[in-house]
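As structure tokens, the structure follows; a few thoughts come after it.
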2 protein chains.
Amino acid sequence: MGMSPLAEAFVLHFGEMGSRWGINRTVGQIYALLYISAHPLPADEIAETLNFSRSNVSMGLKELQSWQLVRLQHLPGDRREHFSTPDDIWQIVRTLAEQRRRREIDPTLSVLRDLIVAQPAGAEERHAQEKLREMHDLIELLTGWADEVQKLDTGELVSLLKLGSRVVGLLELKNRLPFIGQKRREAHSAEDSPPPD
Amino acid sequence: MGMSPLAEAFVLHFGEMGSRWGINRTVGQIYALLYISAHPLPADEIAETLNFSRSNVSMGLKELQSWQLVRLQHLPGDRREHFSTPDDIWQIVRTLAEQRRRREIDPTLSVLRDLIVAQPAGAEERHAQEKLREMHDLIELLTGWADEVQKLDTGELVSLLKLGSRVVGLLELKNRLPFIGQKRREAHSAEDSPPPD
DNA sequence: CTGATCTTTCAGAATTTTCTGAAATTACAG
DNA sequence: CTGTAATTTCAGAAAATTCTGAAAGATCAG
């Protein structure tokens, strides 16, 4: 491969990891290469660097574009299309979460809902439906949370993550001083906040 | 397949989803079947129900056991081994997170660290290393957070998830009343279980 | 022990996924 | 327009993964 050992090691590892997460190894390698590249790269250079056929790169890039993980741009004085990843790694995470949700999570929730509302044909099915409901509720809770934190700006998100489980202390604090929390936000969806008196 | 339409729909969908997340379709189906089953199942029944060869089921169960996702038990009066999933779905999520971390995240962090400390051979490599460092830090932040929330009991975890982004309000609250937080913990290092006062 | 039952292993078959080269299509400079 | 360079498509080849049957290996009741 026409790469420094450092780049090669990363690209190979990333491709391997990709394939363990359901992403085609080649696509993973293309992404890795774009990610560490200081400049947008044209498809033929990617093909040359990774020793893939030009058509394979074309398909890989198409896949990455369908996931909105790469962007295309034209450089002045060059007719070829150049590809790059977003500069902000948090944007990458957000896109990934959003796409996987759209493609996999939402359809799964929909299947689960359909199965849960069906009339059970006996005790076995009733039990199965109960398990499906548990799974549904869990996925919904997790994705609901993900939706919420997607709305935060990166700084807030990082603070939250750094806080980790210590946030539980704040939860307790809130429960002991509910009146303070009230003042900050007006009637949100009245899910779990204690009703204002 | 020897299953109700409900079970079949779930098993097929779950197998499909599994394969999109890097889990062999067959293994996904076996897991799905065990998950909705009201009783532990012996391997030969799984094979019959899903129309897989007995050996395929054996390998699938071995894989699931290596992930600690199924448990084996002996039922009185039956020499066969019976398999089941944990009853608590949160336990399943925890196990999955733990295993993926051990198998994929940690090795990735290790590769990234090695590459980051290498002497860069030019500007391109320096840029690449900077990108790798960003990725490393992000993964470390996320897994650190995951570690922390793993320590919470399920009730606390659910409260936190339900709170979603509204937790940011609590963060602001904390920043406005630092003395309260102070009282609860000294230095903000790796402690977490708040000593009950 | 013995033999019946259950489980695992593994080489090769079957299947699925990925990759390629050739041809078709598109884009655009002149 | 025209011709060249860039890109995409897609049928079949190649490769990777999964699955199976047969045989070997466990386990255990009697």
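Quick note: numbers below take in every heavy atom, side chains included, and nothing from hydrogens, waters or symmetry partners. Naming: A, B, ... by sequence-line order, numbering from 1 per chain.
- In this pair, A/Tyr31 and A/Tyr35 present their aromatic rings parallel. The plane angle is below 30°, not in the 30 to 60° band.
- Distance alone, capped at 3.5 Å, places no donor-acceptor pair between the A/Ser37 side chain and the A/Leu33 backbone.
- Below the 3.5 angstrom threshold, one finds a donor paired with an acceptor across the side chain of B/Arg79 and the base of D/dT27.
- Rounded to a whole Å, the NE2 atom of A/His82 is 13 Å from the C1' atom of D/dA5.
- As a whole-Å value, the separation of B/Asn56 CG from D/dA22 C1' is 15 Å.
- A straight line from CG of A/Leu72 to C1' of C/dT26 spans 14 Å, rounded to a whole angstrom.
- Distance, A/Leu41 CG to D/dT7 C1': 17 Å, rounded to whole Å.
- Atom CG of B/Leu115 sits about 11.0 Å away from atom CE of B/Met135, to the nearest 0.5 Å.
- Screening A/Gln73, A/His39, A/Arg71 against A/Ser84 for a side-chain hydrogen bond (donor to acceptor under 3.5 Å, both in side chains) leaves a single residue, A/Gln73.
- Look at CG on A/Leu64: it is 13 Å from P on D/dT8, rounded to the nearest Å.
- No hydrogens or angles were tested; on distance alone, a donor-acceptor pair under 3.5 Å links the side chain of A/Ser55 to the base of C/dG21.
- Under 4.0 angstrom from either OP1 or OP2 of C/dT7 there lies at least one side-chain N or O belonging to B/Arg54.
- If you check every strand for non-hydrogen atoms under 4.0 Å, B/Asn24 touches sugar and phosphate atoms only.
- What separates CG of B/Leu50 from C1' of D/dC19 is a distance of 14 Å, to the nearest Å.
- Regarding contacts with the backbone of D/dT17, a side-chain N or O of A/Arg25 is found under 4.0 angstrom from either OP1 or OP2.
- In terms of heavy atoms, B/Glu125 sits closest to A/Leu6 at OE2-CB, 4.0 Å.
- Residues A/Lys62 and A/Arg80 both approach DNA chain D. Their nearest nucleotides, taken by heavy-atom distance, put A/Arg80 toward the 5′ side.
- The B/Glu81 side chain lies nearest to C/dT7 when the options are C/dT7, C/dT20, D/dT8.
- Nearest-nucleotide positions on DNA chain C for B/Asp78 and A/Val27 put B/Asp78 closer to the 5' end.
- Residue A/Thr26 has no polar side-chain atom (N or O) positioned under 4.0 Å from OP1 or OP2 of C/dT18.
- Between the CD atom of A/Glu45 and the C1' atom of D/dA5 there is a distance of 16 Å, rounded to whole Å.
- Whole-Å rounding puts the B/Asn51 CG to D/dT20 C1' distance at 13 Å.
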